[in-house]
Protein chains: 2
Amino acid sequence: MSVPVRLLLADDEHLIRGALAALLSLEDDLLVVAEAASGPEALAMARAHEPDVAVLDLQMPGADGVRVATSLRTELPGCRVLIVTGHGRPGHLKRALAAGVRGFVPKTVSAQRLAEIIRTVHAGNRYVDPELAADAISAGDSPLTAREAEVLELAADGAPVAEIAERAALSPGTVRNYLSSAVTKLGAENRHAAVRLARERGWV
Amino acid sequence: MSVPVRLLLADDEHLIRGALAALLSLEDDLLVVAEAASGPEALAMARAHEPDVAVLDLQMPGADGVRVATSLRTELPGCRVLIVTGHGRPGHLKRALAAGVRGFVPKTVSAQRLAEIIRTVHAGNRYVDPELAADAISAGDSPLTAREAEVLELAADGAPVAEIAERAALSPGTVRNYLSSAVTKLGAENRHAAVRLARERGWV
DNA sequence: CGCTCGGCATGACAAATGTCAGAGCCGGTC
DNA sequence: GACCGGCTCTGACATTTGTCATGCCGAGCG
């Protein structure tokens, strides 16, 4: 291990990021070369420092971890991405994997464990937290079509049908049909419960 | 500073808790004597170790930081409580202060800053993050009556009126009246938007 | 004591929503 | 070419909501 693994850390919580940087620096084969507090900043830092592994929080202002990962995939193909998250929803894991992310772990792991996982990812292997993987498998795929998901998302903040229709450039009747079918597919009581369910499963 | 400040750290995210413990231990006047990953565990640890300052995450399984603080207030009056939170809602701050919490800070502060704040709190002073305080003041008090808030809370998961009525032991008509008045008071489009608003302001 | 306010309820009406049947268009697949 | 599934729309209907007027009761207050 003569050449250390160069890391980018991105998390909007300064406390966590700083603490993490300090802990990971204790490992002598790991080197934190850049830190960022938002999605765009993470991208800029990655371009500037070209790290070996990017450790990204899933929830960040600007652009979430998965979006950053997508951009990195094309801009810096050599940079492996590891996503760290507080509350992992099954759908997020799926989206992350589709975006070429190499690792996905909850924040409940210890720093020691995280260091090992970073090495695993750097070596070209993948690592997914077993519990999250189990959740993702049991939750299965989203039964929603693209439009249904889109409309459901627009319905998320409690907007009336008319507003959703306008924002989606659809007729109100169509919106109601999509919502109805989404609600049926999810087995929910009404659209709002459906939104909640889809959220929980990471389908929106 | 011959006698160090004895700390209890409680956060369900092992990564953060461990990292924090490591960083705070670097300060030679601070000593982490206990750690916990949940509300009940935090209480048990506090009883066992009687720390000078308890640093609690707001969101924890079992019982949130404010509830733990309430219990500590009576059981260990000498133990100061400092709440740390990811996304601080105005209402939470108010509830926390009412529970006798001495400090309230977002996770965006640096560890250095946190250490200073721990000393401030230990010295018997209070510390509230200026930005959160400003939010709380501008958000003001909840205009909702106890019943309105209760009904709104039951409406949170998208349940129909009939179910809310049953769970609150009220007539459906009354429930609709309360919801209606809550929606009006909050200036929302409908009950679901009202729930969202009330959530954002920490009024539920 | 009378007033006001909050809690609780009913009934009635208008508006929004959920549900269903049908129908045309497109891009795949067998 | 026939068939299927997803996307889009319309129209009609039942149900659920939001809103309002109105009433009763009890607690607190001037």
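What you see below is based on every heavy atom in this structure, not just the backbone, and it leaves out hydrogens, waters and symmetry mates. Model, not experiment: these values are computed from the prediction. Per chain, numbering begins at 1; letters A, B, ... match sequence-line order.
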B/L179 CG to C/dA16 P: how many Å, rounded? 18 Å
Does A/S180 have a side-chain nitrogen or oxygen under 4.0 Å from the phosphate oxygens OP1 or OP2 of C/dT17? no
Between atom CD1 of A/I118 and atom CG of A/L24, what is the distance when rounded to the nearest 0.5 Å? 4.5 Å
B/A19 and A/A19 have their tightest heavy-atom pair at CB-CB, 3.3 Å
In whole angstroms, how far is the P atom of C/dA9 from the CD1 atom of B/I164? 14 Å
For the residue pair A/S171 / A/T174, report whether a side-chain donor-acceptor contact shorter than 3.5 Å exists. yes
So, for B/D57 and B/V84, which heavy atoms are closest and what is the spacing to 0.1 Å? OD1-O, 3.1 Å
Taking for each residue the nucleotide of DNA chain C bearing the nearest heavy atom, is the 5' side occupied by B/A169 or by B/N190? B/A169
Do B/N177 side-chain and C/dC8 base share a donor-acceptor contact under 3.5 Å? no
Rounded to whole angstroms, how far apart are CG on B/L186 and P on D/dT19? 12 Å
Expressed in angstrom and rounded to an integer, what is the separation of B/R191 atom CZ from D/dT19 atom C1'? 13 Å
Round to the nearest Å and state the distance from B/E150 atom CD to C/dG6 atom C1'. 14 Å
Measure from the side-chain heavy atoms of A/T145 and tell me the nearest of D/dG6, C/dT10, C/dG18. D/dG6
Spacing between B/L144 atom CG and C/dG7 atom C1', to the nearest angstrom: 15 Å
Check this one for me: any side-chain N or O of A/S171 less than 4.0 Å away from OP1 or OP2 of D/dT8? no
Quick one: B/Y178 OH to D/dT19 C1', roughly how many Å, whole number? 16 Å
Charged N to carboxylate O under 4.0 angstrom, B/R119 versus B/E27? yes
For the helix from C/dC1-D/dG30 to C/dC30-D/dG1, how many degrees between its two end axes (five pairs per end), to the nearest 10°? 30°
Quick one: on DNA chain C, does A/V183 or B/A146 contact a more 5' nucleotide (nearest heavy atom)? B/A146
For atom CD of B/E131, is the number of surrounding heavy atoms from other residues, nucleotides or ligands below 6.0 Å larger than 12? no
Is it the case that more than 12 heavy atoms not belonging to B/E189 sit under 6.0 Å from its CD atom? no
What is the distance, to the nearest angstrom, from the NE2 atom on B/H192 to the C1' atom on D/dT16? 10 Å
If only side-chain N and O atoms of A/R176 are considered, is one of them under 4.0 Å from the OP1 or OP2 phosphate oxygen of C/dT19? no
Choose from C/dA9, D/dC9, C/dC8 the nucleotide whose nearest atom is closest to any side-chain atom of B/R147. C/dC8
